[in-house]
Peer 1: 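Handing you this structure, nothing more for now.
Counting convention: from 1, in listed order, for ligands and their atoms alike.
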Amino acid sequence: MSDITLQNRRILLGVCGGIAAYKSAELVRLLVKKGAEVRVVMTAAAQQFVGELTFQALSANPVHTKLIDLESELGVATGEDTVTGMGHIELARWADLILVAPATADLLSRHTAGRADDLLAAVLLASRAPKLFAPAMNMEMWSNSATQQNISKLTERGVRIVGPASGEQACGDVGLGRMVEPDQIVEEVSAKFSTGALQGESLVITAGATREPLDPVRFISNRSSGKMGFAIAQAAVDAGAKVTLIAGDCALDTPDFVKRVVVESAEQMMSAVEEVIENATLFIGTAAVADYRPAKYKQHKIKKSADTMTIELVKNRDILAEVAARKNSPYSVGFAAETENLATNGEGKRRSKGVDIVAANLVGGEDSPFGSDENEVTLYWDGGEKLLKRSSKTDIARQLIEFIGLRVREQKEELEKK
Ligand code: CTP
């Protein structure tokens, strides 16, 4: 299977009534294994083939079956999030992608006609999410010109059709009509999310706060959670990059397919970067690296004595500036955490550190991104700036990676012209 993870991806799986519905259980298992959050909508016919409970157990979410569901309507009316409380509009908005597998001839026909006569059809009609259908039906039904015309129309509207495959069918016929295997469908789902923006790139990224030890039990640190850096690492992997994440102490799971190097102090972070930077084509510094460290590390716990105490600090090396100053330096991106004058300080930092892009954000105020799941950043590069409006860190990370991919390609094209 491909390296693309589906972490944080919300996939709504529509299951129609066909014998292939039993394979959809395996499909849910594989999607969940790749990190996706899955919700299942079953048509009435699907429930004749597989029990609701199977999908509920595999997806760890309630299964949705009714167009008018009193509980979810109650949720809408009161604004409460009841257990199954998601009506067709909420489900439609919730999904990052809608996968219908198996998609029967009837469902294809109903969606082509724009009907909304059951929950699945209504969700499909109400959603702007990308759609992927894996048809499964008798070969005659598939080759019938009515079905073929529906397929052409759906394809024109941007629905991606996977399969059907050829082989022996449940009805005994041999031909086109079998649902493609679950692992192949998962590949198609993954491909839908891979932007390819950093295909072939090798990224080194720093994240989290460093800890500068004073004695065996104390250290100087800051409030950075590492969430932004981890989200960027995830987005970079999704975009096809090979990623090494050098992180301070962060209570966050390592994104799949990311190589994580754990460090503590700024000096350790610098050494870890130096070890791997040679082969990197990209460097992103999101870490909140301590600017200073205690001049002396005390081997034994500092004892309380005088009423005041002075700790001498010495400057740490600037990892980002040193990476950017290297001969054949990778394309470098830094973050600027500012409490005021975002534009002047952000662009100033970009120039003084000699980096290609600075992503500047305001910290310290009410909307401070430290520890939060949201952020808003302004990107500064040579000749431009762009605001990435307040959104989840996952979303900001994806936008940033897309933008970096674009700038890297542009830079390559410019170099080739010279
Ligand atoms: N950075 C770094 N090494 C350091 C200090 C900072 O790599 N020793 C990187 C950060 O990862 C970030 C960028 O430099 O990408 C800017 O960090 P920031 O703390 O905003 O700026 P400083 O250079 O520390 O300047 P100041 O604290 O004076 O604002």
Peer 1: Give me the atom names and distance for the closest heavy-atom approach of L198 to A236.
Peer 2: CD1-CB, 4.0 Å

Peer 1: Tell me which pairs pass side-chain hydrogen bond (donor to acceptor under 3.5 Å, both in side chains) where either residue lies in residues 147-163, with sequence neighbours left out.
Peer 2: R160-E188

Peer 1: For D249, which residues count as a salt bridge (charged side-chain N to carboxylate O under 4.0 Å, His left out) partner, sequence neighbours excluded?
Peer 2: R211

Peer 1: Collect the protein residues that have a non-hydrogen atom under 4.0 Å from ligand 1 and hand them over in chain and number order.
Peer 2: G285, A287, V289, D291, R317, D318, I319, L320, G334, F335, A336, A337, K349, K353

Peer 1: Does R350 count as lying over the ring of W381, i.e. NZ or CZ under 6.0 Å from the six-ring centre, within 45 degrees of the axis?
Peer 2: no

Peer 1: What side-chain hydrogen bond (donor to acceptor under 3.5 Å, both in side chains) pairs are there with at least one residue in residues 100-127, not counting sequence neighbours?
Peer 2: D106-R110, R110-D117, R110-D118, R115-D117

Peer 1: Can you tell me if T281 and E201 form a side-chain donor-acceptor pair at under 3.5 Å?
Peer 2: yes

